[in-house]
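Keep in mind that this is a model prediction, so the values were computed, not measured. Both ligands and their constituent atoms are indexed starting at 1 by order of listing.
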Amino acid sequence: MIRLENIQRRYVSDEVETTALHDIDLAVAAGEFLAIMGPSGCGKSTLLNMLGTVDRPTGGRYLFDDLDLAALEEKALAKFRGATLGFVFQSFNLIDELTIEENVALGLAYRKDAGGRRNRVAAAMDKVGIAHRARHYPHQLSGGQQQRAAIARAIVGDPKLILADEPTGNLDTANGEQVMSILTGLNDEGATIVMVTHSPSHADMAKRRIDMLDGRIVASAMRAI
Ligand code: ADP
Ligand code: ADP
């Protein structure tokens, strides 16, 4: 599904150059659950931003189902992102002024098929066990519930790829495990997931793990079954 070829990302600020990613080659097949680990500053978020097309590489190619994303203008890229990707963040990123069901419906913003929207929102909330909080606002929910709502928003449009940046980073152990069990359940049903995590035990729940160091992938391992 995804091929990153020689992806490079350099930042220049105050004439100081940082290479956040050096020649990254990475393939992700449909149905994978990939965990990315590594110390702070090694380039995990930059790599996830590349995959999410929220930042452009300074070198290399990104092919998604053989579509060369470098060729797309910003507007087409935004459309691609909305229709193809689902994002889950460490800090949930729900909109405080919207109810949970309204937040979840945002995941359908780029979907044209107006029919069935209510059902899709309801089904997504149901799937993560948050339906009983549909009319509440984010501040009325626990962190674990907010993250479950954020996952519902990410999956409601049936994205080809879910990108999760430390989805359990702000949660206690029990809520973190609940979120991991939702993610592994989605993967069992066929969802493709790439997740950045600092938790070795959560990385072990993925099917494959890569370790990064100083902007490079230094190890890659499949989970022993
Ligand atoms: P991680 O997610 O593994 O902590 P990052 O991808 O955030 O690492 O950062 C990788 C490197 O790129 C770091 O050295 C960081 O300081 C640098 N970096 C990230 N974003 C920027 C930016 N916008 N401008 C300059 N340097 C950046
Ligand atoms: P609250 O504090 O609002 O009651 P909880 O997180 O305790 O929220 O969960 C409330 C209900 O939702 C419980 O009945 C629980 O079993 C159910 N629930 C929680 N998580 C899930 C889930 N991932 N899938 C299905 N049901 C869930």
Is any N or O atom of [X], backbone or side chain, closer than 3.5 Å to an N or O atom of ligand 1?
{"X": "Ala20", "result": "no"}
{"X": "Thr46", "result": "yes"}
{"X": "Ser13", "result": "no"}

Using a 4.0 Å cutoff against the non-hydrogen atoms of [X], which atoms of ligand 1 qualify?
{"X": "Thr18", "value": "14 (O)"}
{"X": "Cys42", "value": "1 (P), 3 (O), 8 (O)"}
{"X": "Lys44", "value": "1 (P), 2 (O), 3 (O), 4 (O), 6 (O), 8 (O)"}
{"X": "Pro39", "value": "3 (O)"}

Should Val196 and Ile182 be regarded as members of a common hydrophobic cluster, given that ILVMFWY residues are connected when their side-chain heavy atoms come within less than 4.5 Å of each other, either directly or indirectly?
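No; tracing contacts between hydrophobic side chains, which count when under 4.5 Å, never links both residues.
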Between [Y] and [X], do the side chains contain a donor N or O and an acceptor N or O under 3.5 Å apart?
{"X": "Gln90", "Y": "Asn170", "answer": "yes"}
{"X": "Ser199", "Y": "Ser201", "answer": "yes"}
{"X": "Tyr11", "Y": "Asp55", "answer": "yes"}

For atom 15 (C) of ligand 1, is the nearest protein heavy atom under 4.0 Å away?
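False for atom 15 (C) of ligand 1.
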Establish whether atom 3 (O) of ligand 1 and some protein heavy atom are separated by less than 4.0 angstrom.
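Protein heavy atoms within 4.0 Å of atom 3 (O) of ligand 1 - there is at least one.
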Among all protein heavy atoms, pick the one closest to [atom] and tell me residue, atom and distance.
{"atom": "atom 7 (O) of ligand 1", "result": "Ser45 CB, 3.8 Å"}
{"atom": "atom 8 (O) of ligand 1", "result": "Gly43 N, 3.1 Å"}
{"atom": "atom 10 (C) of ligand 1", "result": "Gly41 O, 3.3 Å"}
{"atom": "atom 27 (C) of ligand 1", "result": "Tyr11 CD1, 3.2 Å"}

More than 12 heavy atoms of other groups within 6.0 Å of Tyr110 OH:
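Result for OH/Tyr110: open.
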[X] side chain vs [Y] backbone, donor-acceptor pair below 3.5 Å:
{"X": "Lys44", "Y": "Gly38", "result": "yes"}
{"X": "Arg148", "Y": "Val128", "result": "yes"}
{"X": "Asp68", "Y": "Ala70", "result": "yes"}
{"X": "Glu32", "Y": "Ala29", "result": "yes"}

